[in-house]
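Predicted, not measured: the structure shown is a model, and the values here were computed from it. The first residue of the sequence shown is numbered 1, and numbering continues consecutively from there.
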Amino acid sequence: MKIIEKQIISKNPKKKPEDGIVITDNFIAVIDGSTSKASERVSRWYSNGRLCMKVISRFIRKAPADITIDAFLKGVTQAVRRKYSSKRIDFYAQHPEERITASCIIYSRLQRQLWIIGDCQCLVGKTGCADSEYEFFDNPKPYESIVAKARADKARQLLSSGEATVESLLHDDVARKSVIPMMLESMKRQNIDYAVVDGFKIPRQKVKVFTFDFESWTIVLASDGYPLLRPTLAQSEAALAEQRAKDPLNIGANPSAPFVATKAFSEGFTSFDDRTYIRFTI
């Protein structure tokens with residue numbers, strides 16, 4: 001495995017990111033800690049998303065080189081579960097929105113497999129292929145697009161009625177606040193309708209696995225902070241900058257910027273989400 005380029009940037013320049021990268025002799029991974037909607041922190045030191053990212057990172061670094069996907073899912077779940085107080089397990093079982101949660105995408109050198117647990121994304125192509133020949137894969141939450149559309153509809157309604165301006169929504173995204181109940185409701189289905197790492201059993205059928213032959217491949221792994229993933233970091237950053245310029249609210253403002261999200265490019269932030277990118281060859 002040869003690293004070509006990598007980057008992590010926090011959405012909030014005043015805080016550490018909830019995203020992470022792991023690089024070992026046997027694994028390369030991108031981990032996306034989920035923005036917490038919980039009423040309390042599990043740790044006094046970290047946000048819930050960053051804590052989950054840290055736990056997963058440590059697990060990958062110590063994992064056996066030949067670990068299988070099934071053993072990985074079991075082991076990483078146990079590692080996260082140990083962060084919960086035993087007295088609170090029943091509470092977390094009933095309230096998924098209170099759990100520490102992350103998505104991750106991992107390449108295993110010995111298995112020659114890519115594992116996608118949750119809403120991370122990747123590009124894969126034969127080394128030296130044209131940009132157009134890369135294939136894109138992700139594993140999105142099934143309700144994300146519904147929530148994003150509801151937020152976009154609310155934002156457009158506020159703009160058209162004169163109740164808000166683009167600038168006011170970038171400062172205080174009341175459209176996002178309006179869909180928080182929908183987001184919390186959808187989280188009740190995590191590790192049922194979609195996979196995440198949260199200390200509870202991960203449904204194997206919701207995890208995507210790709211096996212590579214022994215030819216040379218170039219792989220890009222990224223968190224969902226890149227709305228338009230491209231074969232190089234510079235191209236991905238340019239696409240992100242273009243999105244911000246055309247539609248800073250991420251509401252599908254015009255045909256050339258159809259992307260919608262549950263967050264805007266908030267005032268003072270570097271982007272609408274933490275973003276992580278790594279490109280490497282195998």
Practice prompt. Looking only at non-hydrogen atoms, find the nearest pair between Cys122 and Ile105 and report the distance.
Written response: CB-CD1, 3.6 Å

Worksheet item: Got a second to check how far Leu228's CG is from Phe259's CZ, nearest 0.5 Å?
Response: 7.5 Å

Item to complete: Count the heavy atoms of every other residue, nucleotide or ligand shown that sit under 6.0 Å from NZ of Lys208, and state whether that count exceeds 12.
Response: yes

Response to the item:
Sorted by chain and residue number, the ring-ring contact (aromatic ring centres under 6.0 Å, His included) partners of Tyr143 (sequence neighbours excluded) come out as none

Fill in: Which residues share a ring-ring contact (aromatic ring centres under 6.0 Å, His included) with His171, sequence neighbours left out
none

Worksheet entry | Closest contact, heavy atoms only, Val147 versus Met183 | CG1-CG, 3.5 Å

Fill in: CZ on Phe280 to CD1 on Ile3, rounded to 0.5 Å
6.5 Å

Practice prompt. Side-chain contact test, heavy atoms from C-beta onward, threshold under 4.5 Å: evaluate it for Pro181 versus Leu184 and give yes or no.
Written response: no

Item to complete: For the residue pair Lys6 and Ile23, establish whether any side-chain heavy-atom pair is separated by less than 4.5 Å.
Response: yes

Worksheet item: When you measure from the side chain of Ser160 to the backbone N and O of Arg156, does any donor-acceptor pair fall under 3.5 Å?
Response: yes

Item to complete: Hey, could you give me the CG/CG distance between Leu240 and Leu229, rounded to the nearest 0.5 Å?
Response: 11.0 Å

Worksheet item: Would a distance-only check, ignoring hydrogens and angles, find a side-chain to backbone donor-acceptor pair under 3.5 Å from Ser103 to Asp119?
Response: yes

Worksheet item: Which pair of heavy atoms, one from Lys263 and one from Asn250, lies closest together, and at what distance?
Response: O-ND2, 3.1 Å

Discussion item. With heavy-atom distances below 4.5 Å as the criterion, would you say the side chains of Arg82 and Val55 are in contact?
Written reply: no

Item to complete: Could you list the residues that satisfy ring-ring contact (aromatic ring centres under 6.0 Å, His included) with Phe200, not counting sequence neighbours?
Response: none

Discussion item. Under the rule for side-chain hydrogen bond (donor to acceptor under 3.5 Å, both in side chains), what residues qualify as partners of Arg50, not counting sequence neighbours?
Written reply: none

Item to complete: State, to 0.1 Å, how close Gly199 and Val80 come at their nearest heavy-atom pair, and which atoms those are.
Response: N-CG1, 3.5 Å

Discussion item. Could you work out, with ring-ring contact (aromatic ring centres under 6.0 Å, His included) as the rule, every residue matching Tyr194, not counting sequence neighbours?
Written reply: none

Discussion item. For Gln94, I'd like to know if atom CD has over 12 heavy atoms of other residues, nucleotides or ligands within 6.0 Å.
Written reply: no

Item to complete: Consider only side-chain heavy atoms of I, L, V, M, F, W and Y, link residues closer than 4.5 Å, and tell whether Phe136 and Val124 are in one cluster.
Response: no

Fill in: Hydrophobic cluster identity match, Leu114 and Ile69, side-chain contacts under 4.5 Å
no

Discussion item. Within 45 degrees of the ring normal and closer than 6.0 Å to the centroid, is that where the cationic atom of Arg99 sits relative to Tyr84?
Written reply: no

Worksheet item: Atom CD1 in Ile202, atom CD1 in Ile192: separation rounded to 0.5 Å?
Response: 13.5 Å

Worksheet item: Is the shortest heavy-atom distance from the side chain of Tyr92 to the side chain of Arg81 under 4.5 Å?
Response: no

Item to complete: Please check if Ile219 and Ile116 belong to a single hydrophobic cluster, counting links between Ile, Leu, Val, Met, Phe, Trp and Tyr side chain heavy atoms closer than 4.5 Å.
Response: yes

Worksheet item: Does a side-chain heavy-atom distance below 4.5 Å link Leu123 with Arg279?
Response: no

Worksheet item: When clusters are formed by joining ILVMFWY residues with side-chain heavy atoms under 4.5 Å apart, either directly or through shared neighbours, do Ile21 and Ile4 land in the same one?
Response: no

Discussion item. Tell me the closest heavy-atom pair linking Lys154 and Ser178, and the distance in Å.
Written reply: CG-OG, 3.5 Å

Item to complete: Would you please name every residue forming a salt bridge (Lys or Arg N to Asp or Glu O under 4.0 Å) with Lys11, sequence neighbours left out?
Response: Asp274

Worksheet item: Apart from Ile9 itself, what residues make up its hydrophobic cluster when side-chain heavy atoms of I, L, V, M, F, W and Y under 4.5 Å apart count as a link, directly or indirectly?
Response: none

Discussion item. Using side-chain heavy atoms (C-beta onward) and a distance below 4.5 Å, is Gln111 in contact with Val209?
Written reply: no

Item to complete: Determine the interplanar angle of the Phe212 and Tyr107 rings, folded into 0 to 90°, and report it as parallel if under 30°, tilted if 30 to 60°, perpendicular if over 60°.
Response: perpendicular

Worksheet item: Do the side chains of Arg189 and Lys141 get nearer than 4.5 Å, heavy atoms only?
Response: no

Worksheet item: Apart from Phe269 itself, what residues make up its hydrophobic cluster, given side-chain heavy atom links below 4.5 Å?
Response: none

Worksheet entry | Results of salt bridge (Lys or Arg N to Asp or Glu O under 4.0 Å) for Lys16 - residues two or more places apart only | none

Practice prompt. Show which residues join Val166 in its hydrophobic cluster (side-chain heavy-atom contacts under 4.5 Å, direct or indirect), or state none.
Written response: Leu158, Leu159, Leu169, Leu170, Val174, Leu249, Ile251

Discussion item. Assess, by modelled atom type and distance only, whether the side chains of Lys15 and Ser47 contain a donor and an acceptor separated by less than 3.5 Å.
Written reply: no

Worksheet item: Would you call the rings of Phe137 and Phe210 parallel, tilted or perpendicular if under 30° counts as parallel and over 60° as perpendicular?
Response: tilted

Fill in: salt_bridge(Asp70, Lys74) N-O dist < 4.0 Å
no

Fill in: Heavy-atom side-chain contact between Ser266 and Phe272 under 4.5 Å
no

Worksheet item: Which residue pairs pass the side chain to side chain donor-acceptor pair (under 3.5 Å) test with at least one member in residues 212-229, sequence neighbours excluded?
Response: Gln7-Tyr226, Asp19-Ser223, Lys126-Glu215, Thr127-Ser216, Thr127-Thr218, Asp213-Trp217, Tyr226-Glu237

Discussion item. Test your reading of the model: is there a side-chain donor-acceptor pair from Gln243 to the backbone of Pro248, 3.5 Å cut-off?
Written reply: no

Worksheet item: Is there a path from Ile100 to Ile56 through hydrophobic residues (I, L, V, M, F, W, Y) whose side chains come within less than 4.5 Å of each other?
Response: yes

Discussion item. Please give me the minimum heavy-atom distance between Pro231 and Tyr277, naming the atom from each residue.
Written reply: O-OH, 3.0 Å

Worksheet item: With distance as the sole criterion, is a donor-acceptor pair present between the side chains of Gln190 and Glu97 under 3.5 Å?
Response: no

Practice prompt. Going by the side chain to side chain contact (heavy atoms under 4.5 Å, CB included) test, name the single residue among Val196, Ile31, Asn139, Ile106 that passes it with Ile117.
Written response: Ile106

Worksheet item: Can you tell me how far SG of Cys104 sits from CE of Met53, rounded to the nearest 0.5 angstrom?
Response: 12.0 Å

Fill in: Partner of Glu18 by side chain to side chain contact (heavy atoms under 4.5 Å, CB included), out of Thr276, Thr35, Asp273
Thr35

Worksheet, complete the sentence: Rounded to the nearest 0.5 Å, the OG1 atom of Thr270 sits from the NZ atom of Lys14 at a distance of 13.0 Å

Discussion item. Per the side chain to side chain donor-acceptor pair (under 3.5 Å) rule, what does the pair list look like for residues 24-34, sequence neighbours excluded?
Written reply: Asn26-Arg109

Worksheet item: Less than 6.0 Å separating the ring centroids of Phe72 and Phe27?
Response: no

